[in-house]
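What follows is one structure encoded as structure tokens, with my remarks underneath.
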Amino acid sequence: MTKVKSLADLKKMKETLQTKIDIREKGDASESLVQIKVAMATCGIASGAKAVMEFLMEELDKRGIQAVVTQTGCMGYCYAEPTIEVKLPGKEPVIFGYVDNKKADDIIEKYIKNGELVDGIIPTNFESIDNK
Amino acid sequence: MKDLSLHILDIVQNSVVAQATIISIGIVVDKKNDYLGITIADNGNGMSPALLQRVMDPFTTTRTTRKVGLGLPLLKQNAERTGGSMDIKSVEGRGTDLMVVLKPSHIDCLPMGDMAGVVAMLICSYPNINFKFSHRVGANEFAISTPELKEALDGLPLNSPSVYPLIKELVSSNLDELQIGELG
Ligand SMILES: Nc1ncnc2c1ncn2[C@@H]1O[C@H](COP(=O)(O)OP(=O)(O)OP(=O)(O)O)[C@@H](O)[C@H]1O
Ligand SMILES: [Mg+2]
């Protein structure tokens, strides 16, 4: 693959991307996407949230899973950072704690792909938590 | 924090929470003068003089999920440990300017870390915020902004899958070149 070094290169890459995305997105409303929030306050970042977010963004794309990965403020589980919230289409959001790349891999393969539960779910009776 | 890029990611979250729509991140490296400057400026809600005064004290925070704010005091400490400093100017309703100076030759100076990843991550995960990033090493500079990237992507959203790796590569190849330029 050619290296992207300039805005012009990006523009070229975009053409090939666009076709790939058009195909994938046929019939896809954002409601049918997996939505993931990574807690990115000081406590989260200090314990590795950035690496986890990067892993999720790269791997979900490589594995062809339609997902939106966003950042959010502290979810209030500083003791269990990094934490992420995963919302599968049509399901209640679930929060996972102590997420590293290996755990994130498990979450993708087991929970996101097959709906199987994995270790590290933080029990909670919450309304979806947005910034603070 | 393990490195300066993570500090920057953290400080920018403050600007996001303060509802900034424009966030500028500037890095200046001047090896001859043993100088590393980082500026983060936003047009968010700003801070009152009273809050600003208390903000370097680790027992100040306006967040509700935990009592102690750590982001700013940690960065200040890491700057001062190298013989550098941190300075904040803020105007309520206008925005906040943060300026950090470090001495890169000091043994306690944190490494830069994955700045390209941090810049790409911020740009892609907050597509509605206008980010401006510039990195100057000696006489050479690399700059990139959200509007330029949006234009190049021509309607393809910044947060669509596969865009992040491209932007990261664009930033990292240019930052690598800055380093090579400095050595050559
Ligand atoms: N750019 C900014 N604009 C407006 N207010 C700010 C800004 N940066 C910091 N503040 C104020 O200063 C407080 C302290 O910030 P600091 O980053 O140290 O801690 P925190 O964000 O509250 O918590 P933590 O960073 O530990 O997750 C914030 O709660 C906020 O009220
Ligand atoms: Mg903070």
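Here is the naming used below: chain letters follow the sequence lines, and residue numbers restart at 1 for every chain. These numbers were taken from a predicted model, which means no experiment stands behind them.
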Can you tell me how far [atom2] of [Y] sits from [atom1] of [X], rounded to the nearest 0.5 angstrom?
X       : Y      : atom1 : atom2 : answer
S160(B) : K14(A) : OG    : NZ    : 10.0 Å
L9(B)   : M53(A) : CG    : CE    : 8.5 Å
Y164(B) : L56(A) : OH    : CG    : 11.0 Å
L166(B) : K12(A) : CG    : NZ    : 13.0 Å
K50(A)  : D10(B) : NZ    : CG    : 13.5 Å
L6(B)   : I45(A) : CG    : CD1   : 7.0 Å

Say whether [X] and [Y] are linked into one hydrophobic cluster, either directly or through other cluster members, by side-chain heavy-atom distances under 4.5 angstrom.
X      : Y       : answer
V52(A) : I121(A) : yes
I25(B) : L178(B) : yes
I27(B) : I88(B)  : yes
M13(A) : L156(B) : yes
F55(A) : I65(A)  : yes

Checklist entry - In residues 114-125 of chain B, which residues are in contact with chain A at a heavy-atom separation under 4.5 Å? => result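 D114(B), G117(B), V118(B), M121(B), L122(B), S125(B) fall under the 4.5 Å cut-off.
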Item to check | Contacting moiety of Q13(B), where chain A heavy atoms sit under 4.5 Å | outcome: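 For Q13(B), side-chain heavy atoms alone lie under 4.5 Å from chain A.
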With a sphere of 6.0 Å drawn around [atom1] of [X], does it hold more than 12 non-hydrogen atoms of other residues, nucleotides or ligands?
X       : atom1 : result
E151(B) : CD    : no
K2(B)   : NZ    : no
D119(A) : CG    : no
R94(B)  : CZ    : no
K113(A) : NZ    : yes
K132(B) : NZ    : no
R81(B)  : CZ    : yes

Checklist entry - Are any of the side-chain heavy atoms of L74(B) and T42(A) separated by less than 4.5 Å? => result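 Yes, at least one pair of side-chain atoms sits under 4.5 Å.
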Item to check | Pairwise side-chain contact, L170(B) with L7(A), heavy-atom cut-off 4.5 Å (strictly under) | outcome: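 Side-chain contact under 4.5 Å: yes.
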Next on the checklist: I'd like to verify something: which residue of E54(A), E58(A), K11(A) has the highest number of heavy-atom pairs under 4.5 Å with chain B?
Outcome noted: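 Among E54(A), E58(A), K11(A), the one with the most close pairs to chain B is E54(A).
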Item to check | Sidechain-backbone polar pair: S173(B) side chain, V4(A) backbone, donor-acceptor under 3.5 Å | outcome: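 Confirmed, S173(B) side chain pairs with V4(A) backbone.
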Item to check | Which portion of M57(A) sits near chain B, non-hydrogen atoms under 4.5 angstrom | outcome: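 Answer is side chain: those atoms of M57(A) sit under 4.5 Å from chain B.
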Checklist entry - Going by an N to O cut-off under 4.0 Å, is there a salt bridge joining K5(A) and E177(B)? => result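 Yes, charged N to carboxylate O under 4.0 Å.
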Item to check | Verdict with supporting geometry, L10(A) and L149(B), side chain to side chain contact (heavy atoms under 4.5 Å, CB included) | outcome: CA-CA 8 Å; L10(A) 183 63; L149(B) 289 165; 3.5 Å; yes
